[in-house]
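I have placed the structure first, in the form of structure tokens, so that the comments after it can refer back to it.
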Amino acid sequence: MNLLNAILVGFKEIWAHKFRSLLTMLGIILGVSSLVGMSALVKGMENGMREALVAVGGVERVRIEQADIPAEQAHLADQAPGITMNDVYALKHNATLTRLITPEMRLRNVTITRGGRHATPFIFMGTWPSALEMNEHEIQYGRMFNEIDDESARSVCVIGTEVRDALFGSPEELGYDYNPVGQQVNIQNQVFTIVGMFKYYESEQDRRRRLAEQARLQVAAMTSTNSAGGASRDRGRGGRGRASWVFRVKNNTVYIPLNTMWLRFRTAAGTNNTPDPRLTGLAIKVADVDVLEPAIEQAHKALLRVHNGVEDFSFETQENWAENIASAIRNARMSGGIIAAIALLVGGIGIMNIMLASITERIREIGIRKAIGATGTAIFIQILVESVVIAIIGGLAGLVTSFGLVHVLTSISPTDNAPEITFLSCAVAFSFSVGVGILAGLIPAFKAARLDPIQALRYE
Amino acid sequence: MALIELRNVSKIYFLGGEEIRALDNVSLDIEAGEFVSIIGPSGSGKSTLMHIVGCLDSPTHGTIRLDGVEIQGASSRELARIRNRKIGFVFQFFNLLPKLNVLQNVELPLIYSGVPAAERRRRAMDALKLVGLENRVRHRPMQISGGQQQRVAIARALVNDPRIIFADEPTGNLDSQTGETILELFRDLSRQGRTIVLVTHDPEIAAMTPRRIEIRDGRVAPQVNPKLAGLDRFPAAQAAGANTPV
Ligand SMILES: Nc1ncnc2c1ncn2[C@@H]1O[C@H](COP(=O)(O)OP(=O)(O)OP(=O)(O)O)[C@@H](O)[C@H]1O
Ligand SMILES: [Mg+2]
């Protein structure tokens, strides 16, 4: 008896008991769909977290900040130079594993005004044009300031969308997306020209929701001819946790050239009428995550030399964050996996139960088959195939169901990250269901194969 | 060398310490082409004998040669193969698979011997023509009469061209007229040279076969002249006959 025949017989048997088979499959369907659904939720969660991590520059980005001098070096305190442009040049020459270096000179509590309106950006800093790449910014209107702007310390700035919204009005307010390039604003009472504006940053989930809302509004507008302005943006207030905060901070950013910052805002702070040359910090980006450790080591050495051995700086990586994400994902996967495994186990027990009932029902049939020459192996394969066919159909149905399940989950809790069904989870869930089918079929198949033909024929 | 050789075959069941000798030291030969009936009262061990010779069951003692091959001690896989290729069974209760149609039922032994689908169909159709059921192939067993079901079972027994056909009370579940057509079918098969072993408790049926083997309490009774078949109803004659050598 070849496999194809066995499969055909299996299908017939399942078709002959449609309702019973469906009930049996239910366990597998639940197991597979919960496994795929769970992993889709976790994947969505992971996507949201990683998105935020990338938005701050990814794991490759490392900040170097001024730090307290260690106790054993306290006597060298007056030799501590702080973080200066010398560090930037030293890193440029000696830290070969570092791909990008951006000096940062920040100013806090800055007020920007225009007309009667004002804004207080979360981040106001003087930096190099490379800050654009360093901090994963993208320009929507105009341009980033360039080296010439920096060299000649021009009073130009690039602003984030929320700053624009505060000064010129948001799209919801105006009904269109205002382009602030070329406008002049007062920063701490000094006139600056806006040369560029970043794009609006939001999580993928927020973006999708906003687009859906927009589509809905457009339909509403078409039907009622009552234009309701642009689609409303979530200012991050509705969102929760670190992820949405990241996007909010990014939208509340103003960059000016480093030299401009130094000359315009540091003059008063310096001694002997020279501006304070110290930077708030540096950001470096390593060439590859794999060399993060050696790159930091290298940068550390290069800086120590410039700092005369005084360790008045520290490195701040995103590794912790990345690790937190990884462990959160691991935990979520684990608990989801356990639930799905239990569901699959229950499904497997259901299959085994029904297969045992089925062979008891068919003892006479098995006896007849044996009398006309079926070997134990042939019977074994027939029963096993039947069990696996149930599991396979259940598995496929489970995959279909999981798409529906994910849909339902998304509509129930729309503030969570959009679940994403991965091919891997489908493959894993499906192969698990087949495995469960095989395991569940083994014992019934073995029992059927071992039936004594005479006793089976006599069975009533 | 005979097609079937039994030497000192016993089948003993143990039920709660009690020993039941379903077959007790049976020795007999059946030649190729013979048409034999096995007759005896209920519980005498006819079916047990047929099952053991038919490789469905194994003896407690003794040796069996089937077509020159010793079958005691063969693995269940080998026994299945012998049943499949060399033996055809016809049962009292037809034993067709209710979910399969007539053609599929007849094809079943060929599936287990790995015959390709087209040839399977052709041979099953040939066997069904032989029993005159070629126009009922799509029917389910439940949709045809008992006699027709038994003919399907005979077609199934024939389809693999076996050396021996065993029939256990093939007419036991049929009215006498239908039973007669089935027996006629067996006579035809016998005339074609097939070896047939027919188990029955009906002396009239047994009387039709050239050779009769009588079983009593698990033993082969001495051969009786078929013309005197009626005599074995009388205990005295039986007792007298028991002393005559085989
Ligand atoms: N599995 C078993 N366990 C115990 N005893 C058995 C078993 N199978 C058969 N027997 C006994 O063996 C004896 C022979 O049984 P068998 O079925 O061969 O009789 P039979 O001649 O075919 O009778 P019938 O004409 O009623 O079919 C009986 O006494 C029966 O009780
Ligand atoms: Mg019997």
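Within every chain, numbering begins at 1; the chains are lettered A, B, ... in the order of the sequence lines, protein sequences first and strands thereafter.
- The candidate from B/Lys99, B/Arg81, B/Arg85 with the greatest count of non-hydrogen atom pairs under 4.5 Å with chain A is B/Lys99.
- For A/Arg369 and B/Tyr112, the side-chain atoms include at least one donor-acceptor pair closer than 3.5 Å.
- No side-chain donor from either of A/Ser21 and A/Thr24 sits under 3.5 Å from a side-chain acceptor of the other.
- Comment: B/Arg120 engages B/Glu107 in a salt bridge, judged by a side-chain N to carboxylate O separation of less than 4.0 angstrom.
- When the heavy atoms of residues 143-156 of chain B are compared with those of chain A, the residues falling under 4.5 Å are B/Arg156, listed by number.
- The choice from B/Pro109, B/Ala117, B/Ser47 that makes the most heavy-atom pairs within less than 4.5 Å of chain A is B/Pro109.
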* To do: Kindly indicate, with the supporting measurements, whether the criterion side chain to side chain donor-acceptor pair (under 3.5 Å) is fulfilled by B/Arg136 and B/Asn101.
  => CA-CA 9 Å; B/Arg136 289 283 190 281; B/Asn101 66 30; over 6 Å; no
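- Side chains of A/Ser33 and A/Thr401: a donor-acceptor N/O pair is absent below 3.5 angstrom, by distance only.
- B/Leu96 touches chain A through its backbone: at least one of N, CA, C or O sits under 4.5 Å from a heavy atom, while the side chain does not.
- Surrounding CD of B/Glu119 are more than 12 heavy atoms belonging to other residues, nucleotides or ligands, all under 6.0 Å away.
- A search for ring-ring contact (aromatic ring centres under 6.0 Å, His included) contacts involving B/Phe186 returns nothing, not counting sequence neighbours.
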